[in-house]
Protein chains: 2
Amino acid sequence: MASSRRIPEATVARLPVYLRTLAEAAEDGVSTISSERLAELAGVNAAKVRKDLSHLGSYGTRGVGYDVDYLAYQMSRELGLTEERAVVIVGAGNLGQALANYGGFSSRGFPILAVVDSDPAKVGRVIAGVRVRPVEDLPAIVAEAVNTIGVVATPAGVAQSVADRLVEAGVRSILNFAPVVLTVPDEVLVRKVDLATELQILSFYQQRSSRRSPRRSSAGAA
Amino acid sequence: MASSRRIPEATVARLPVYLRTLAEAAEDGVSTISSERLAELAGVNAAKVRKDLSHLGSYGTRGVGYDVDYLAYQMSRELGLTEERAVVIVGAGNLGQALANYGGFSSRGFPILAVVDSDPAKVGRVIAGVRVRPVEDLPAIVAEAVNTIGVVATPAGVAQSVADRLVEAGVRSILNFAPVVLTVPDEVLVRKVDLATELQILSFYQQRSSRRSPRRSSAGAA
DNA sequence: GGTTGTGAACAAATTCACAGCG
DNA sequence: CGCTGTGAATTTGTTCACAACC
């Protein structure tokens, strides 16, 4: 038995992928899935899938595979998705609007609590069904829900001050889209998504590939 | 001497962060920087910075540090940013529009060559200064430039067919925002950005933090 | 003195390969 | 027999600590 706690970081990063894959399989009417098949759909290798899942517990059946619904449930629970979560987007510019309109947050369990902006001209507009509120409302907004995640979708220049306000308002997790390293207290969690960085990484591997593939492409089957 | 080729994947992923940090330092008039200072600004540890930079070559001066401009230049070169690059965005929905309007691509060396969409209603609109063109134009668009990177900003359902068309049109690198695992030939490179995934990862760590910090937060100094 | 560059020690992650179980 | 779960082997990445050098 190895269901004990402390799940490796690399595993945690893959759980959402497995979860999405399982949801798709369930929609297709699949009720049982092998590590081999799950690996194929998730674009990883089967041994890795088994090792990853073993960190959650022994939810498979030898000779059979994993029950899709049960595994998905256990995974959701492990990811904390069974608890209430919400998102507040700071910055109603292009990116903030896109994130609000992008259905993927709400549909995957992260309802958008509010969008705020410091520009009075933007306050009052309605984006994705929610009215843009002033940044000053942050403490009140965060108090409205538990476990609220702050999304920083502002220009780089103001990102740090926005982060400070989020922390002050009680936010403990931040998803940062601004190309800046945020400084926050130890107990606050930050993850960064930098779009230009991703392009630059692609650029690196692109130039040195005539045949060499830097183990990043998805399994090739047609 | 350790300037020899084959840069570790983990290092490559950090180079863009160093590069951005160096650019900021240069703007602030800094001409020389130590690994210690660069590490602080980039939010990593100094030994790691030195190890990372050593993979590029010996560009530092003992007792002094690194020449900001020179190091930035070497890094750009290594990342292939001195060569012509361009981006074609597929999908003129919310995300596609946001990505086009988001200045970060163009300003960091990835001009937007075109935005395409399969919806005739969207074709012809002007987004971020470029007219939306029909997907059928992809081969012509890709032929207009070298090393074009395709950005998939479509709903999940059509992402794979879009990827197929990009590959057919000659694209060798794809940045995928759709929550799907794309299947492409081995020589094509794919990187995925999944926004909901990021939230789910935050969610995982959020629930189990009362004091424990999962080594993800940025250095805390105030 | 100060800072790089790097071997060596350590830690994390991946992959192998197979025993164990249904 | 088939597939999971996992120890052991391997690979990759991080950190330490210091000699080399300006």
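Values below: every heavy atom of this structure, side chains too, minus hydrogens, waters and symmetry copies. Proteins get letters first, then strands, A, B, ... in listed order; numbering begins at 1 in each.
- Contact annotation: Thr61(B) side-chain N/O to dC22(D) OP1/OP2 distance is not under 4.0 Å.
- If you take NZ of Lys48(B) and C1' of dT6(C), they are 17 Å apart, rounded to a whole angstrom.
- Rounded to whole angstrom, the span from the CG atom of Leu38(A) across to the P atom of dT4(D) amounts to 9 Å.
- Sorted by first then second residue, the salt bridge (Lys or Arg N to Asp or Glu O under 4.0 Å) pairs that include residues 145-167 of chain A, not counting sequence neighbours, are Glu136(A)-Arg165(A).
- Applying the salt bridge (Lys or Arg N to Asp or Glu O under 4.0 Å) test to residues at least two apart or on different chains, none of the pairs has a partner in residues 42-51 of chain B.
- Atom-to-atom, CD of Gln74(B) to C1' of dG5(C) comes out at 17 Å; the value is rounded to the nearest Å.
- Distance His55(B) NE2 to dT12(D) P: 12 Å, rounded to the nearest Å.
- What separates CG of Asp52(B) from P of dT6(C) is a distance of 13 Å, to the nearest Å.
- Counting only heavy atoms from C-beta on, Ser54(A) has its side chain closest to dG5(D) among dG5(C), dG22(C), dG5(D).
- In this structure, the ring of Tyr59(B) has its center no less than 6.0 angstrom from the ring center of Tyr66(B).
- Distance Tyr66(B) OH to dG2(C) C1': 13 Å, rounded to the nearest Å.
- Note on Ser34(A): every side-chain N or O is 4.0 Å or more away from OP1 and OP2 of dC3(D).
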Between side-chain atoms of residues 100-111 of chain B and protein atoms elsewhere (two or more places apart, or another chain), which donor-acceptor pairs fall under 3.5 Å?
{"unit_1": "Asn101(B)", "atom_1": "ND2", "unit_2": "Gln97(B)", "atom_2": "O", "d": "3.1"}
{"unit_1": "Ser107(B)", "atom_1": "OG", "unit_2": "Gly103(B)", "atom_2": "O", "d": "3.3"}
{"unit_1": "Arg108(B)", "atom_1": "NH2", "unit_2": "Asp194(A)", "atom_2": "OD1", "d": "3.0"}
{"unit_1": "Arg108(B)", "atom_1": "NH2", "unit_2": "Asp194(A)", "atom_2": "OD2", "d": "3.0"}

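- Under the side chain to side chain contact (heavy atoms under 4.5 Å, CB included) criterion, Val64(B) pairs with Thr32(B), Thr61(B), not counting sequence neighbours.
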What N/O pairs connect the protein and nucleotides 16-20 of chain C at under 3.5 Å? Give each pair on its own line.
{"unit_1": "dG20(C)", "atom_1": "N3", "unit_2": "Arg62(A)", "atom_2": "NH1", "d": "3.2"}

(message) Quick one, Arg85(B) with Ser203(A), criterion side-chain hydrogen bond (donor to acceptor under 3.5 Å, both in side chains). Give me CA distance, side-chain angles, the key distance, then yes/no.
(response) CA-CA 8 Å; Arg85(B) 307 267 154 193; Ser203(A) 169; 3.3 Å; yes
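- Taking atom CD1 of Ile33(B) as the reference point, atom P of dG2(C) lies 18 Å away to the nearest angstrom.
- Between the CG atom of Leu71(B) and the C1' atom of dT4(C) there is a distance of 12 Å, rounded to whole Å.
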Side-chain atoms of residues 14-27 of chain B: list all donor-acceptor pairs with protein atoms under 3.5 Å, sequence neighbours left out, distances to 0.1 Å.
{"unit_1": "Arg14(B)", "atom_1": "NE", "unit_2": "Asp52(B)", "atom_2": "OD2", "d": "2.7"}
{"unit_1": "Arg14(B)", "atom_1": "NH2", "unit_2": "Asp52(B)", "atom_2": "OD1", "d": "3.0"}
{"unit_1": "Arg14(B)", "atom_1": "NH2", "unit_2": "Asp52(B)", "atom_2": "OD2", "d": "3.3"}
{"unit_1": "Tyr18(B)", "atom_1": "OH", "unit_2": "Asp52(B)", "atom_2": "OD2", "d": "2.6"}
{"unit_1": "Arg20(B)", "atom_1": "NH1", "unit_2": "Pro179(A)", "atom_2": "O", "d": "3.0"}
{"unit_1": "Thr21(B)", "atom_1": "OG1", "unit_2": "Val17(B)", "atom_2": "O", "d": "2.7"}

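- Using a 4.0 Å heavy-atom criterion, one finds that Arg14(B) contacts the sugar-phosphate atoms exclusively.
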